[in-house]
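One-based numbering along the sequence shown.
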Amino acid sequence: MAANQQPARINSLAAIASPLQPLPGDARWKMRWLLLPMLELGLQGVAAEILTKTLLSPSAGARLHDEVRLAVRRAPALAEAVRSISLGRGDLLPDLPRVSCRALFVAGSDDALWPPELAATQASRLQRGRAESVAGAGHAVPLERPRETAALLRAHWA
């Protein structure tokens, strides 16, 4: 992690809906044996429904649901992104106590993948970490609540 390998170069860190540990076994299984085969077999419509429900809060509007479904259907390298970002994620938890820069962890109040409680627990392991929860947002916090997300980042970087 650059924040502890080159601390003089990193002034602050912001993580939005970014779990710092590998996926738990059940989520990993679902990704590897359900989602990836769907994407590789061209079943983007089914995958889009699953991902939309996973990424967005129940309060997200129909228009945003439609936009995410369409984006999933049009993403040619989505399977590779899932492998890299979700399945290939390492465990950064052991590195947290050595991170000395200011750090902000932002989680959506309705995020099942990285709930606010987990974000707060992980932020507390940093020397200067803090967590914020964005009400009415799921895992796709910036998509659902762009103004609130931007306000948190501006305040953090001020």
* Indicate the atoms forming the closest heavy-atom contact of G138 with S57, along with that distance. => N-CB, 3.5 Å
* Single-linkage hydrophobic cluster V72~M31, side-chain heavy atoms < 4.5 angstrom -> yes
* **Partner set under side-chain hydrogen bond (donor to acceptor under 3.5 Å, both in side chains) for T121, not counting sequence neighbours** => none
Side chains of residues 45-54: which donor-acceptor pairs under 3.5 Å do they make with residues two or more places apart or in other chains?
residue, atom, partner, partner atom, Å
E49, OE1, R69, NE, 3.3
E49, OE2, R69, NE, 2.6
T52, OG1, A48, O, 2.6
T54, OG1, I50, O, 2.9

* Structure fact -> The side-chain hydrogen bond (donor to acceptor under 3.5 Å, both in side chains) partners of R63 (sequence neighbours excluded) come to E67
* **Residue list, side-chain hydrogen bond (donor to acceptor under 3.5 Å, both in side chains) with R73, at least two apart or on another chain** => none
* To do: Indicate the atoms forming the closest heavy-atom contact of A79 with L36, along with that distance.
  => O-CD2, 3.4 Å
* Structure fact -> residues 124-144 vs salt bridge (Lys or Arg N to Asp or Glu O under 4.0 Å), sequence neighbours excluded, gives R130-E132
* **A140: side-chain contact (heavy atoms from CB on, under 4.5 Å) partners, not counting sequence neighbours** => L55, L56, L143
* **Single-linkage hydrophobic cluster, 4.5 Å side-chain cutoff, V99 and L92 together** => yes
* Atom CZ of R145 and atom CD1 of I16: how far apart are they, to the nearest 0.5 Å? -> 14.5 Å
* To do: Check for a donor-acceptor pair, side chain of Q127 on one end and backbone N or O of P97 on the other, with a separation under 3.5 Å.
  => yes
* After noting the C-alpha distance and the side-chain angles of N11 and C101, does the key distance pass the side-chain contact (heavy atoms from CB on, under 4.5 Å) rule? -> CA-CA 6 Å; N11 293 323; C101 66; 5.9 Å; no
* To do: Scan for side chain to side chain donor-acceptor pair (under 3.5 Å) pairs involving residues 100-113, sequence neighbours excluded, and state none if there are none.
  => D111-H139
* Asked: Are L13 and L104 side-chain neighbours, meaning at least one heavy-atom pair lies under 4.5 Å?
  -> no
* Asked: Under the salt bridge (charged side-chain N to carboxylate O under 4.0 Å, His left out) test, which residues partner E148, sequence neighbours left out?
  -> none
* To do: Report whether V68 and L113 are members of the same hydrophobic cluster (ILVMFWY, side-chain heavy atoms less than 4.5 Å apart, transitive linking).
  => no
* Asked: Which atom pair, heavy atoms only, marks the closest approach of S133 to G108?
  -> OG-C, 4.3 Å
* For the residue pair A107 and V141, what are the closest heavy atoms and their distance? -> C-CG2, 4.1 Å
* **side-chain contact (heavy atoms from CB on, under 4.5 Å) partners of R154, counting only residues at least two apart** => A150, A151
* Can you name the side-chain contact (heavy atoms from CB on, under 4.5 Å) partners of D91, sequence neighbours left out? -> Q21, P22, L93, P94
* Which atom of R98 lies closest to which atom of D95, heavy atoms considered -> NH2-OD1, 2.7 Å
* To do: Please report the shortest heavy-atom distance between A131 and A120, naming the atom on each side.
  => CB-CA, 3.6 Å
* To do: Please answer whether the main-chain N or O of W157 pairs with a side-chain N or O of S12 as donor and acceptor at a distance below 3.5 Å.
  => no
* side-chain hydrogen bond (donor to acceptor under 3.5 Å, both in side chains) partners for S18, two or more places apart -> none
* Structure fact -> side chain to side chain donor-acceptor pair (under 3.5 Å) pairs touching residues 28-37, sequence neighbours excluded, are none
* Asked: CG of L152 to CZ of F105: how many Å apart, nearest 0.5 Å?
  -> 14.0 Å
